[in-house]
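Remember, it's 1-based here, ligands and their atoms both numbered in the order they're listed. Worth knowing before you read on, the calculation uses all heavy atoms, side chains too, and leaves out hydrogens, waters and symmetry mates.
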Amino acid sequence: MHDRLHGKWVLITGASSGFGAAAARAFGAVGSRLLLGARRLERLEQVAATARAAGALEAHVHPLDVTNTSSVESFFHWARNRLGTGTTSAAPLHVLINNAGGALGLDPVLAGRVEDWETMFQTNVLGLLRVTRAALPLMLGNPGGVIINIGSVAGHEAYEGGAAYCGAKAAEHQITRVLRLELCGSGVRVCTLDPGMAQTEFSLVRFRGDLAQARKVYEGVEPLTAEDVAEAMVWMASRPSHVCIDEMVIKPTDQASVHKIHRRV
Ligand code: NDP
Ligand code: 8X3
């Protein structure tokens, strides 16, 4: 079944760490061709090297800030040139993984920082829209393509301190549904993959580099790994072209809900 992804172009945003980096390795292992974007170029280069070692036919990197429209435009200018060299198809991009995003802070609304709210909506919501708009011309006309948007259990459930992040991931859900309606008939599938607690750099970023606070999130729990989530992405993208996995929620066994977590401490 993974043959379906062999030689296919896969574009991953936020590929410098966590889910995006693991996805680069996982799609690499099934022989895909990769276009990887994020702000930290050195980290992207390292990820591309590990993806090539895993089996990627090609892995290319370029700086990308999804909060900035010109950065997205210049990334796609670069991507179009890269795609042009590896394929004869007019719509060469097979898989788009809208993964770049994250949370900032865990403050209640009363103490919330507007800059944090803006960043969360810029990355998780507007960034996804910018990237998708730029990617669609490279996907339409080639039935069988897949867009996987990375949502979260935070888009399904609310928790204190999560107003902007829960709101942004709920918006991701609705955008996914809208896109699926708009693209119905094009053959392009639109999916959302919504993980629960996973140990990546997510909490380190949320708590502004406070390692102790980030570690506390996973104390006594066996969280998901980035590889668990990447495996789900490859599975979703490798279904036959008439099958669309609309939505998938993936959580650690220890997490029954955002408020019900089994801790061995
Ligand atoms: P990481 O912090 O490890 O990875 C986040 C990635 O997003 C990095 O590669 C980062 O790259 C990139 N990114 C952040 N801001 C931008 C930007 N402005 N432009 C381009 N890239 C950006 O966290 P995860 O891997 O866990 O997060 C990936 C996605 O999964 C996010 O959307 C997150 O909300 C979601 N998620 C995470 C869960 C978890 O528990 N870990 C659970 C559910 C969903 P760089 O800094 O180099 O730009
Ligand atoms: C990340 C999972 O529960 O911290 O999206 O919001 S959670």
Side-chain angles (χ1 to χ4, degrees), residues 11-25 36-48 61-72 74-75 97-106 116 118-128 130-131 148-173 176 192-209 213-214 216-218 221 223-230 232-233 248-252 254-261:
L11 191 157
I12 305 170
T13 70
S16 59
S17 70
F19 300 163
R25 294 188 292 270
L36 309 175
R39 292 166 303 178
R40 291 170 294 174
L41 198 55
E42 234 174 79
R43 291 279 296 265
L44 276 181
E45 299 278 13
Q46 291 163 7
V47 171
V61 305
H62 196 76
L64 169 67
D65 181 348
V66 299
T67 69
N68 182 306
T69 304
S70 355
S71 170
V72 173
S74 81
F75 180 86
I97 311 276
N98 273 315
N99 166 73
L104 266 185
L106 195 59
D116 289 350
E118 284 174 349
T119 302
M120 284 185 266
F121 275 86
Q122 276 292 347
T123 49
N124 297 290
V125 182
L126 299 178
L128 182 152
R130 285 186 187 96
V131 168
I148 300 179
N149 295 329
I150 304 301
S152 168
V153 292
H156 298 254
E157 296 182 63
Y159 57 84
E160 302 89 330
Y165 185 64
C166 294
K169 288 303 192 186
E172 175 277 334
H173 250 237
T176 301
T192 181
L193 174 56
D194 305 339
M197 185 187 269
Q199 197 156 10
T200 60
E201 293 177 20
F202 175 86
S203 293
L204 199 61
V205 172
R206 166 169 255 176
F207 297 119
R208 307 175 211 283
Q213 206 180 352
K216 232 176 160 32
V217 173
Y218 311 104
V221 176
L224 297 174
T225 64
E227 285 69 29
D228 295 326
V229 176
M233 291 184 208
M248 184 193 287
V249 178
I250 172 170
K251 301 210 301 308
D254 284 339
Q255 184 180 32
S257 82
V258 295
H259 288 108
K260 173 79 180 171
I261 296 167

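- Using a heavy-atom distance under 4.0 Å as the criterion, the protein contacts of ligand 2 are Ser152, Val153, Ala154, Tyr159, Tyr165, Phe202, Arg206.
- Remark: Ala171 engages Val125 in a side chain to side chain contact (heavy atoms under 4.5 Å, CB included) (not counting sequence neighbours).
- A tilted orientation is assigned to the rings of Phe202 and Tyr165, their planes being inclined by 30° to 60°.
- Looking at Thr225 and Asp228, their side chains do bring a donor and an acceptor atom within 3.5 Å of each other.
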| task | Quick one: do Tyr159 and Leu106 satisfy side chain to side chain contact (heavy atoms under 4.5 Å, CB included)? Show the steps, please. | result | CA-CA 10 Å; Tyr159 57 84; Leu106 195 59; 3.7 Å; yes
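- The side chain to side chain contact (heavy atoms under 4.5 Å, CB included) search around Gln213 returns Phe207, Asp210, not counting sequence neighbours.
- A donor-acceptor contact shorter than 3.5 Å is absent between the side chain of Asp254 and the backbone of Val221.
- Between Glu172 and Asp194, some side-chain heavy-atom pair lies under the 4.5 Å cut-off.
- Side-chain atoms of His259 and Glu160, non-hydrogen and from C-beta on, do get closer than 4.5 Å to each other.
- Considering Asp65, Thr67, Thr69, Asn98 in turn, Thr69 is the only one that fulfils the side chain to side chain donor-acceptor pair (under 3.5 Å) rule with Arg130.
- The protein residues lying under 4.0 angstrom from ligand 1, judged by non-hydrogen atoms, are Gly14, Ala15, Ser16, Ser17, Gly18, Phe19, Ala38, Arg39, Arg40, Leu64, Asp65, Val66, Thr67, Asn99, Ala100, Gly101, Gly102, Thr123, Asn124, Ile150, Gly151, Ser152, Tyr165, Lys169, Pro195, Gly196, Met197, Ala198, Thr200, Glu201, Phe202, Val205.
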